[in-house]
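Heads up, the thing below is written out as structure tokens.
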Amino acid sequence: MIIKQLSVFLENKTGRLTEMTKILSENSINISAFSIADTADFGIVRCIVSKPDEAIKALKEKHFSVNITDVVCMIVPHEPGGLYKALRILSDNNVSIEYMYAFAFDHAASVIIRSESNEEVIRVLQENQMKLLKASDIYQI
Amino acid sequence: MIWNEFIETADREKLKEIQNERFVKMIERIYYNVPFYRKKLTEAGIEPRDIKSIDQLKDLPFTVKDDLRDNYPFGLFTVPQNQIVRLHASSGTTGKPTVVGYTKNDLQLWSEVVARSMTMAGVTKEDIIQIAYGYGLFTGGLGMHYGAEKVGASVIPISGGNTRKQLQLMVDFGSTVIACTPSYAAHLGESLMAAGIDRKDIKLRAGIFGAEPWTNELRKQVENLLGLKAFDIYGLSEIIGPGVSMECECQDGMHINEDHFIPEVIDPNTLEVLPYGELGELVFTTITKEAMPLLRYRTRDLTRLHVEKCDCGRTLVRMEKCMGRSDDMLIIRGVNVFPSQVEAVLLEMTEASPHYQLVVNRENNLDTLEINVEIDDQFWSDEIKTLENLKKRFQHNIASTLGISAKINLVEPHSIDRSEGKAKRVIDNRS
């Protein structure tokens, strides 16, 4: 249930994001989910891609500062209260979230979660019958 | 006006007699009191009884800044600690500062050379002098302070910074002389205009500026902004602090107080002494200082010496404004900064030093320092708060080591230019 997320350190400079996505494109790597956390001087791109190991190799060759971070992806109903219900389960179990981002498609939404303990997130959500996405599934979205 | 006519206008033969006598005693002092010097002189095959004249200086070993670091903190002192009455410190080439000590006599001699310097700028007991050099470990503030008191001027020990207060006291107290770094003088001048203060409301007549390199263009700018005559003063804490040399009203080089500090100019590569008039590295031997005399100390400042008698009547040798350095030291807001100090800070915090680069700019006449540090695997994180914390820790450690604040930028790997595999450590956009 652990998913490999790419984390890329980028300076706030014109063209860096384009350059990064160009490398993924040239290596026929698809992006399933994507978010940026930014500060005044730099940002961290976090994304789920179809071939994480190939992606990291290609980006490192071009001197990008890139690492793999383990995350979890849960599926919630795409309707009012869907996210609330899921987060409630986590907070009731004292699981704190480092960061998260989400995307919706058709009748469901998938939420990428990074927590201090991914195992804990998986255990709590599974005990509460929440659906989690497998790595093999999300890489193919 | 000349403070010490006997010395400052002495016949050069007479001056040499005084120097020889003091030099012989100085060699004795360091040989018998400092193991470092005894070893060096013995290795050079020299005993104190061989030394008769300063003409023999060229055969003696040099002292460099790293020798001060190796003997940190008090290893080069020639007197016991109970005779030391003052300690100052400036930047070393790594994390450790360069320490200098003074006996009571040293402080008197320092006041004497600064009093001579003040007098060259026309300062008398009728003047009110605002000392806007930093007070503290830096020699600028206290060095100027005691010299100005010796002359009998009214001293305002305001120290550096706090521009609004500087301007207020300048107007209210009617300061006639200001002493600070030239870039801060320009900043004060511009702040004066910005504050809408009429130049008629200030009484400044002379400025004594030093502790950093400056151009004649900046001199004109400061003179126009503040309505004063700008004088150049030179010094370094290892030798004594400000007052090693100073410009007279003829403004044709800075007179070196040769009865205390003997200058030589050497070729930094061959280490041979160069004749008067040739450009090379300035070397000083302090012949009167008690606490920490230095033998042939390499300043790394590049300049020329001129021995012809000056129109002001002084016979003391003149040195030109320094033309650069023979090492990589930077002077930022009057503070000496070595790129290796930054490396030492980074090494304290990481396993291997990441690539880094210092970028120096001048904004509104004030120097700014930014340090770019390449992100690498040892402190990689995908969490913003971890990276921001890392930046803060760098910032804090850099400020406490360098003594000036710097903006830290975390940058991508390989974003710092490397020529022949070696990263360019410094970009100085000020000149």
Side-chain angles (χ1 to χ4, degrees), chain A residues 2-20 22-23 33-49 52 55-72 96-101 112-118, chain B residues 342 346 349-361 363 368-399 405-424 427 429:
Chain A
I2 296 280
I3 289 161
K4 288 179 178 176
Q5 170 198 262
L6 287 193
S7 304
V8 189
F9 176 92
L10 290 181
E11 280 174 65
N12 279 359
K13 277 197 296 206
T14 315
R16 287 307 282 162
L17 203 50
T18 314
E19 179 67 24
M20 183 201 132
K22 181 176 165 225
I23 293 166
F34 189 97
S35 89
I36 299 183
D38 68 312
T39 72
D41 311 316
F42 63 86
I44 305 278
V45 168
R46 297 157 180 155
C47 56
I48 311 290
V49 297
I56 201 167
K57 193 166 159 264
L59 288 169
K60 276 207 162 148
E61 263 169 25
K62 299 284 179 180
H63 301 308
F64 276 87
S65 181
V66 55
N67 269 5
I68 293 281
T69 315
D70 289 343
V71 294
V72 175
S96 65
I97 293 169
E98 298 285 348
Y99 58 77
M100 55 179 269
Y101 49 102
I112 315 276
I113 297 177
R114 165 75 182 170
S115 147
E116 276 172 2
S117 166
N118 289 322
Chain B
V342 172
L346 292 172
M349 300 177 54
T350 55
E351 290 285 307
S353 178
H355 280 287
Y356 63 91
Q357 185 172 55
L358 286 74
V359 183
V360 192
N361 283 302
E363 289 164 20
T368 62
L369 171 63
E370 292 190 24
I371 302 173
N372 296 329
V373 181
E374 279 187 8
I375 276 284
D376 63 17
D377 281 342
Q378 36 176 349
F379 46 75
W380 208 95
S381 168
D382 97 318
E383 280 169 32
I384 298 283
K385 65 171 186 246
T386 312
L387 291 173
E388 293 278 3
N389 274 339
L390 182 79
K391 233 171 93 164
K392 261 188 219 143
R393 267 170 51 222
F394 275 143
Q395 208 135 13
H396 176 263
N397 292 0
I398 289 282
S405 59
K407 181 175 185 288
I408 309 292
N409 301 318
L410 299 180
V411 300
E412 290 176 36
H414 287 263
S415 60
I416 293 173
D417 275 348
R418 290 162 174 75
S419 49
E420 291 157 23
K422 216 174 161 232
K424 194 166 185 265
I427 296 180
N429 296 320

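Any value given below was found using the heavy atoms of this structure, including those in side chains, with hydrogens, waters and symmetry copies removed. Just so we're on the same page: letters track the sequence lines, and every chain starts at 1.
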B:K407 and B:N409 side chains, donor-acceptor separation under 3.5 Å: yes

Flag side-chain contact, heavy atom, 4.5 Å: B:I371 against B:V342: yes

Under 3.5 Å: donor-acceptor pair, side chain of A:N12, backbone of A:T39: yes

Portion of A:T69 that has a non-hydrogen atom of chain B nearer than 4.5 angstrom: side chain

Under 4.5 Å from a heavy atom of chain B, the part of A:K62 involved: neither

Contacting region of A:N67 [heavy-atom separation from chain B under 4.5 Å]: both

Residue selection (most heavy-atom pairs with chain B, distance under 4.5 Å) from A:F42, A:F9, A:Y99: A:F9

Side chain / backbone / both / neither for A:E98 at chain B, heavy atoms under 4.5 Å: side chain

Pair B:N429, B:N361: side-chain N/O donor-acceptor within cut-off below 3.5 Å: yes

Under 4.5 Å from a heavy atom of chain A, the part of B:S415 involved: side chain

Side chains of A:Q5 and A:S7, donor plus acceptor under 3.5 Å: yes

